2 protein chains.
Amino acid sequence: MPVKIIIYEDNTTLRESLSSLLSLAGDYQLLASYADCRQVAEQVTAADPDVILMDIDMPEVNGIEAVRKIRQFNRKVQIIMLTVFDDNTHVFDAMYAGANGYLLKKYVSDKLIDAIREVLEGGAPMSPTIARMVISNLQQPSPKVSENDYQLTGREKETLQSLAKGNSFKMIAAELGISIDTVRTHIKRIYDKLHVRSQIEAVSKAINEKLV
Amino acid sequence: MPVKIIIYEDNTTLRESLSSLLSLAGDYQLLASYADCRQVAEQVTAADPDVILMDIDMPEVNGIEAVRKIRQFNRKVQIIMLTVFDDNTHVFDAMYAGANGYLLKKYVSDKLIDAIREVLEGGAPMSPTIARMVISNLQQPSPKVSENDYQLTGREKETLQSLAKGNSFKMIAAELGISIDTVRTHIKRIYDKLHVRSQIEAVSKAINEKLV
DNA sequence: TATGCAATCCCCTGATTGCGGTATGGCAAA
DNA sequence: TTTGCCATACCGCAATCAGGGGATTGCATA
């Protein structure tokens, strides 16, 4: 059974070369190709493709918006973005919207067939620079650690964590097996160290700076 | 100039087959291969390789810990993890520690040479399932929105937001330009709607469910 | 026009919190 | 052994908060 594909791409030349790439490779059935995404929901519902090749920069409705729409009713179809944009915003918006792969147009002729195969096998085909962007995004959140170190002691951290769960002093005392007065003492020290003067300030600071 | 490589892998058989894979491919210079990471800092500093192939499950010092150590003094060397682990924890810990690629051992014989080339070109070679894990990690934070709708009115949302910043009732009143009693009224309604009974509970619920 | 709802303000009572102390036992480093 | 730090506990007071009322205005909608 051939793989059913739909293409969204406003550039006619590129649309045609994608189409011939697919027919040369064999085993692919191009159900349709469209120059815009205005009817994307209806078209995808009707055709029920296995894979969608989606340009980003299109008139009327852009490709990322289209992905969002598709994902509202179909989480199964595999969507590969085909685009010239390799900036953070476009890549992450597309991934966030629910794209499964992200191929830069300069690699299309070499990698398209591989990418389609890979996405059907449960992978996430990405051009090299895109992959690097995605993983360096994961690596961002590290360089804090040393900076926001308020020198909280073990018990103080536990107290703060319990507080952040929404517990009152009484409940914290019960949870940690200590008296409510000890909780008060810990809390006082925490306030000093975090430079705050109320529960909410402490909790919002703790959450925002990932101390909990 | 050949690409300089170091291997860390405790399994002797695999270490030798990696070594022969590299020599067959040509243009690679295997500087050294080690069965453990105890001396990783010294070894990497001395040899100054272009690429490191790193196993995860090794005695004494595991591969992820080793990556962390290397990254403390060298951000340039490209590190590819070679492992059997395809679970979330290992993958994200490794990426987070500073790995540039993540190749499952079952793909090594097919993909190793490609992966080395790709990582040197600024890419992030990953086995298909790994790539999918990484991008689905980006996609997590969406599917709520409709569920946690507590029907807060506009003013109630503003009040909650102000509260979550760490403001007291008095400060909220000042910020919203209303009396403290009105703030009280809003807060009471918020508690009803969120099914909570204190500031912290409300704030931690609001932050955790992304209402703010 | 009546009804509903958001937004505003007020009062009261009891509970909780914020903040200033003080104090003791344990443990580790100097 | 003295000093410092942590964890524990208690006291007291002023401020704030929680929760129960009730009330008015304005706007939209039935």
Side-chain angles (χ1 to χ4, degrees), chain A residues 144-212, chain B residues 65 72 144-212:
Chain A
K144 290 182 178 178
V145 187
S146 55
E147 297 159 34
N148 62 14
D149 178 13
Y150 295 100
Q151 309 264 89
L152 296 185
T153 68
R155 220 46 173 161
E156 284 162 4
K157 276 181 201 153
E158 291 178 72
T159 306
L160 182 54
Q161 272 157 21
S162 184
L163 187 71
K165 285 193 300 187
N167 291 330
S168 67
F169 289 7
K170 207 179 279 181
M171 295 163 80
I172 297 173
E175 192 171 288
L176 301 188
I178 54 182
S179 98
I180 194 171
D181 290 294
T182 306
V183 175
R184 289 152 92 74
T185 306
H186 289 316
I187 295 278
K188 277 188 276 193
R189 303 233 170 89
I190 293 170
Y191 289 178
D192 276 349
K193 291 180 180 176
L194 300 199
H195 306 297
V196 298
R197 40 194 69 256
S198 73
Q199 303 185 74
I200 5 173
E201 276 188 277
V203 169
S204 80
K205 189 155 190 168
I207 296 181
N208 287 322
E209 306 193 9
K210 304 197 202 310
L211 302 178
V212 289
Chain B
E65 198 45 54
Q72 283 173 9
K144 292 180 176 176
V145 187
S146 56
E147 296 157 35
N148 62 14
D149 179 12
Y150 296 100
Q151 309 262 91
L152 296 184
T153 69
R155 217 50 172 160
E156 285 161 3
K157 277 180 202 154
E158 292 178 70
T159 306
L160 183 54
Q161 273 157 21
S162 183
L163 187 71
K165 285 193 299 185
N167 292 331
S168 66
F169 289 7
K170 207 179 279 181
M171 295 164 80
I172 298 173
E175 190 172 290
L176 301 187
I178 55 183
S179 98
I180 194 169
D181 289 294
T182 307
V183 175
R184 236 193 263 293
T185 307
H186 288 318
I187 295 278
K188 280 189 272 194
R189 303 233 169 86
I190 293 170
Y191 288 177
D192 277 348
K193 290 181 180 176
L194 299 199
H195 306 298
V196 298
R197 41 195 70 253
S198 73
Q199 304 185 73
I200 4 171
E201 275 189 277
V203 169
S204 81
K205 190 157 189 166
I207 296 181
N208 286 322
E209 306 194 9
K210 305 202 197 310
L211 303 176
V212 287

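Since the structure is predicted, the reported quantities are computational estimates derived from the model, not experimental observations. Per chain, numbering begins at 1; letters A, B, ... match sequence-line order.
- Atoms CD1 (Ile200(B)) and P (dT17(C)) sit 6 Å apart, rounded to a whole Å.
- For dA7(D), the OP1/OP2 oxygens have a side-chain nitrogen or oxygen of Thr153(A) closer than 4.0 Å.
- Atom pair Arg197(B):CZ and dC17(D):C1' shows a separation of 14 Å (rounding to whole Å applied).
- In this entry the distance linking CD1 of Ile178(A) with P of dC6(D) reads 15 Å, nearest Å.
- At least one side-chain nitrogen or oxygen of Ser179(A) sits closer than 4.0 Å to the OP1 or OP2 atom of dA9(D).
- Residues Thr159(A) and Arg155(A) approach most closely at OG1-O, 2.7 Å, considering heavy atoms.
- Considering all non-hydrogen atoms of both residues, Gln151(B) and Glu156(B) come closest at O-OE1, 4.3 Å.
- The shortest distance between the side-chain N/O atoms of Tyr191(A) and the OP1/OP2 oxygens of dC19(C) is not below 4.0 Å.
- Toward the 5′ end of DNA chain D lies the nearest nucleotide of Lys193(A), the other residue of the pair Gly177(A) and Lys193(A) mapping further downstream.
- In this structure, CD1 of Ile187(B) is placed 15 Å from P of dT16(D), rounded to the nearest angstrom.
- Counting to the nearest Å, the C1' atom of dA7(D) and the CD1 atom of Ile190(A) are 13 Å from each other.
- The CZ-C1' distance, from Arg189(B) to dG4(C), rounds to 13 Å in whole Å.
- Listed nucleotides dG19(D), dT8(D), dC9(C) differ in distance to Thr182(B); the shortest reach to its side chain belongs to dC9(C).
- Rounded to whole Å, the distance from CD on Glu158(B) to C1' on dA6(C) is 12 Å.
- Counting atom types as modelled, Arg184(A) pairs a side-chain N or O with a base atom of dG12(D) as donor and acceptor under 3.5 Å.
- With rounding to the nearest 0.5 angstrom, the NE2 atom of His186(B) is 6.5 Å from the OG1 atom of Thr153(B).
- For Asp181(A), counting side-chain heavy atoms from C-beta on, the closest listed nucleotide (dC10(D), dA18(D), dC9(C)) is dC10(D).
- Counting to the nearest Å, the C1' atom of dA18(D) and the NE2 atom of His195(B) are 17 Å from each other.
- A salt bridge is absent between Asp192(B) and Arg189(B): the closest approach of a Lys/Arg side-chain nitrogen to an acidic carboxylate oxygen does not fall below 4.0 angstrom.
- Closest contact between the side chain of Lys170(A) and the listed nucleotides dT16(C), dG19(D), dC9(C) involves dT16(C).
- A donor-acceptor contact under 3.5 angstrom links the side-chain atoms of Thr185(B) to the base of dC9(C).
- A distance of 11.5 Å separates CD of Glu158(A) from CG of Leu152(A), quoted to the nearest 0.5 Å.
- If Arg155(B) and Lys188(B) are placed on DNA chain C by their nearest nucleotide, the residue sitting closer to the 5' end is Arg155(B).
- Between dA7(C) and His186(B), no contact under 4.0 Å exists linking OP1 or OP2 to a side-chain N or O.
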